[in-house]
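Below you'll find the structure, written out as structure tokens, and then a few comments.
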Amino acid sequence: YCGRGATTPLPCRSGTFGNATNLEEPGQCQSCPFGHFCASGADHPAACPPGTYGAEQQLSSAQCSGPCSKGHFCPANSISSTQQSCSPGTFNSALGGTGADACQPCGKGAFCEQASIAPTQCPAGRFGSSAHLTNASCSGECEQGYYCEAGSVSGKAAPCAEGSYGNATGLESQANCTACPEGHSCGVGVSQPTPCSAGTVQPDSGQGACVPCDAGSFQNVSGGTACSECDAGSFCEEGAAAPLPCHAGSFSSEVGLGS
């Protein structure tokens, strides 16, 4: 602009611009608009560069109002630190994101809601078997016979230990698995106890296998917890499900014979 009697033009002040000729005073220079900055002597506003934003008028440098917020990105001309949110399934942990490529894919075992600054682990009892998950439901509940600690990537993340079982989905730890009852066995990663077969028993809970009846005893039902003594006139070999009669030509008045 050129005031009365000026011998040289004077620049519009920082934060303003002059895009017309024959300006006579600084008040005729225009305020730099939102999303832009104007250095001294500017004849047009310059866009705030990608990764920054201009939330005020009359900004004077390319830093504008500062860097874009985490979880977001700011194209040129942005007027807010949260101009564009990272989409669900992605995150951005750094300031100054310039475009959608600043948002990283959420990895397995985690989820990312809109505008996430970091992945959030899938909660205990659930698992995330794929990337780009968007909410705490993740990929679903842990399968029966297994449990899933936070951040699990498989529905069979960890099996219920031998001597226990898991008959529900969504178990979160071994403590949620149920001790195998008496008269049953439970292998690794099972959803139901298995009754001891005839000829075997399990007197204790929390066991992984049944044990055969000793010679001289038997068990003729499944799910037994104790063996019965073999009757007189019969014998019971180890693991017998029923007494066998003494062979023809022999007898015994004793009980508990094994042969």
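Because the structure is predicted, anything quoted here is derived from the model rather than measured.
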Without hydrogens or angle criteria, can the side chains of [X] and [Y] be said to hold a donor-acceptor pair below 3.5 Å?
X      : Y      : answer
Ser60  : Ser14  : no
Thr225 : Glu182 : no
Gln174 : Ser164 : yes
Gln144 : Asn167 : no

Could you check Thr200 against Val211 for side chain to side chain contact (heavy atoms under 4.5 Å, CB included), going step by step and ending with a plain yes or no?
-> CA-CA 5 Å; Thr200 67; Val211 294; over 6 Å; no
How many angstroms lie between atom [atom1] of [X] and atom [atom2] of [Y], to the nearest 0.5 angstrom?
X      : Y      : atom1 : atom2 : value
Tyr53  : Leu59  : OH    : CG    : 9.5 Å
His184 : Ser205 : NE2   : OG    : 12.0 Å
Glu113 : Phe91  : CD    : CZ    : 14.5 Å
Gln114 : Ser87  : CD    : OG    : 8.0 Å
Ser81  : Leu95  : OG    : CG    : 9.5 Å
His36  : Ile79  : NE2   : CD1   : 10.5 Å

Looking only at heavy atoms, what is the nearest atom pair of [X] and [Y], with distance?
X      : Y      : answer
Ser185 : Gly208 : CB-O, 3.6 Å
Leu171 : Cys142 : O-CB, 4.1 Å
Tyr165 : Cys160 : C-SG, 3.9 Å
Gly224 : Gln219 : CA-NE2, 3.8 Å
Ala110 : Cys122 : N-SG, 3.6 Å
Gln84  : Pro75  : CG-CD, 4.1 Å

Could you tell me whether the SG atom of [X] lies less than 2.5 angstrom from the SG atom of [Y]?
X      : Y      : result
Cys227 : Cys213 : yes
Cys103 : Cys86  : yes
Cys32  : Cys38  : yes
Cys74  : Cys48  : no
Cys210 : Cys196 : yes

Would you say the side-chain atoms of Gln207 pair up with the backbone N or O of Ala209, donor to acceptor, closer than 3.5 Å?
-> no
Do side-chain atoms of Ser65 reach the backbone of Ala55 as a donor and acceptor pair under 3.5 angstrom?
-> yes
Check whether any side-chain heavy atom of [X] lies under 4.5 Å from a side-chain heavy atom of [Y], and answer yes or no.
X      : Y      : value
His72  : Thr82  : yes
Pro159 : Val188 : yes
Gln57  : Phe34  : yes
Ser152 : Arg126 : no
Phe235 : Leu244 : yes
Phe111 : Cys138 : yes
Glu229 : Ser217 : no
Phe218 : Ser234 : no

Which is it for Ser139 and Leu133 under the side chain to side chain contact (heavy atoms under 4.5 Å, CB included) test, yes or no, and what are the steps along the way?
-> CA-CA 8 Å; Ser139 299; Leu133 296 175; 3.8 Å; yes
Derivation and outcome, side chain to side chain contact (heavy atoms under 4.5 Å, CB included), residues Cys106 and Thr90 = CA-CA 5 Å; Cys106 210; Thr90 68; over 6 Å; no
Audit row: Cys230, Cys236, disulfide (SG to SG under 2.5 Å) steps and yes/no = CA-CA 6 Å; Cys230 210; Cys236 300; 2.1 Å; yes
Please lay out, stage by stage, how Cys177 and Tyr147 fare under the test side chain to side chain contact (heavy atoms under 4.5 Å, CB included).
-> CA-CA 8 Å; Cys177 301; Tyr147 61 91; 4.0 Å; yes
Is it the case that more than 12 heavy atoms not belonging to Ile117 sit under 6.0 Å from its CD1 atom?
->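 Atom CD1 in Ile117 is not crowded, with 12 or fewer foreign heavy atoms closer than 6.0 Å.
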